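Everything below concerns the one structure shown next.
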Amino acid sequence: MQVTLKILRFDPEKDKKAHFKSYEIEADPLDRILDALNTVKWYKDGTLTFRRSCAHGVCGSDAMRINGRNRLACKELVGDIGKKITIEPMLGFRILKDLVVDMEPFFEKYRSIKPYLINYEDPPATERFQSAEDREIFDETTKCILCGACSGSCPPFWSNSEFIGPAAIVNAHRFIFDSRDQGSDERIAVLSQSEGVFRCRTVYNCTDACPREIPVTKAIEQIKRVMLYNR
Ligand code: SF4
Ligand code: FES
């Protein structure tokens, strides 16, 4: 099929502002958007810049805005998107070049919620045991691949660069609800700040955007309940 890719381009060494450029390519309906971008880069314009690594929905590096929705380019089929495809970097992030955005503020927020097990007791001789039921409580939020698609689809995140954003909250959930963890108070202290969890306006864009099908809004609401009602 003949496809028109309209891609937002920005070269910080040449451009004052980003602009769209269109490319006509031949693609198979079963090609992924990542294949289409590679076709442009390899055969039409080698200056096109975008992140990608695993090409299998695992590394989280190729989240971008595809026809207005944040998606992983390696998971979307050209045939499902259509013959006219607009590709932009995620909103709410500073553009470094073309589709590559500055992820450092995102990871700084992620680090702020202490995304690791905290337990102040002496380590047991074997592993710290946990029942299957207790493990199930935070199973969904273990699946995050830190692609940023949720935060980059969140209107409060677009308008307030200080908002901690859904991805950091999801990763706080993964530990706050872990029965072996003792760091909840430290994480909740971060999430209680003015740019913390209550900046969320329950828009649900994050849940729609998540390529791992994590119920992001539900996880955020569960944290709000713990903070408001201790349950
Ligand atoms: Fe990506 Fe989903 Fe994790 Fe958000 S919660 S960073 S959308 S994997
Ligand atoms: Fe790794 Fe798409 S390239 S998730």
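Small disclaimer: the values here were computed from a predicted structure and weren't measured. Atoms within each ligand, like the ligands themselves, are counted from 1 in listed order. Computed from heavy atoms alone, side chains included, the values below leave out hydrogens, waters and symmetry copies.
Close approach of ligand 2 to C54 (heavy-atom distance below 4.0 Å) involves ligand atoms 1 (Fe), 3 (S), 4 (S). Near C59, the atoms of ligand 2 lying under 4.0 angstrom from a non-hydrogen atom of the residue are 1 (Fe), 3 (S), 4 (S). Near G148, the atoms of ligand 1 lying under 4.0 angstrom from a non-hydrogen atom of the residue are 1 (Fe), 6 (S). Applying the 4.0 Å criterion to heavy atoms of R212 picks out, from ligand 1, the atoms 8 (S). Which parts of ligand 2 touch C74 is read off a 4.0 Å heavy-atom cut-off, strictly below it: atoms 2 (Fe), 3 (S), 4 (S). Near S53, meaning under 4.0 Å from one of its heavy atoms, ligand 2 places the atoms 3 (S). Ligand-side atoms of ligand 2 in range of V58: 4 (S), range being under 4.0 angstrom from any heavy atom. If you number the atoms of ligand 2 from 1 as listed, the ones under 4.0 Å from a heavy atom of G57 come out as 4 (S).
Between K218 and E221 there is no salt bridge, since no side-chain nitrogen of the basic residue lies less than 4.0 Å from a carboxylate oxygen of the acidic one. Ion pairing of R51 with D98 is absent here, as no side-chain N (NZ or NE/NH1/NH2) approaches a carboxylate O to less than 4.0 Å. Comment: E121 does not engage R180 in a salt bridge, judged by the lack of any side-chain N to carboxylate O separation of less than 4.0 angstrom.
Applying side chain to side chain contact (heavy atoms under 4.5 Å, CB included) to I176 and the options T141, I169, I223 leaves one that passes, I223. The residue from C74, S53, C54 that alone fulfils the side chain to side chain contact (heavy atoms under 4.5 Å, CB included) condition with S61 is S53.
Comparing heavy-atom distances from atom 2 (Fe) of ligand 1 across C150, A219, C210, C147 singles out C210 as nearest.
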### Message
Could you go through T217 and T202, starting from their C-alpha distance and side-chain angles, then the distance that decides it, and tell me whether this counts as side chain to side chain contact (heavy atoms under 4.5 Å, CB included)?
### Response
CA-CA 7 Å; T217 313; T202 322; 3.8 Å; yes
### Query
Between T86 and F20, is a side chain to side chain contact (heavy atoms under 4.5 Å, CB included) present by the stated rule, with each step listed?
CA-CA 9 Å; T86 302; F20 281 104; 3.7 Å; yes
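No donor-acceptor pair closer than 3.5 Å links the side chain of S151 to the backbone N or O of A149.
Within the 4.0 Å heavy-atom cutoff, P211 counts among the residues contacting ligand 1.
Using a 4.0 Å cut-off between heavy atoms, L146 contacts ligand 1 through its backbone alone, with no side-chain atom that close. Under 4.0 angstrom from ligand 2, there are no non-hydrogen atoms of I145.
With hydrogens and angles left out, the side-chain atoms of T47 and R9 include a donor and acceptor closer than 3.5 Å.
When hydrogens are left out, the protein atom nearest atom 3 (Fe) of ligand 1 is C144 SG, 2.3 Å; that is the closest non-hydrogen contact. When only non-hydrogen protein atoms are considered, atom 8 (S) of ligand 1 lies nearest to I145 N, 3.4 Å. The closest protein non-hydrogen atom to atom 4 (S) of ligand 2 is G60 N, 3.2 Å. The closest protein non-hydrogen atom to atom 3 (S) of ligand 2 is A55 N, 3.1 Å.
Between Y116 and D181, the closest heavy-atom pair is O-OD1, 3.8 Å.
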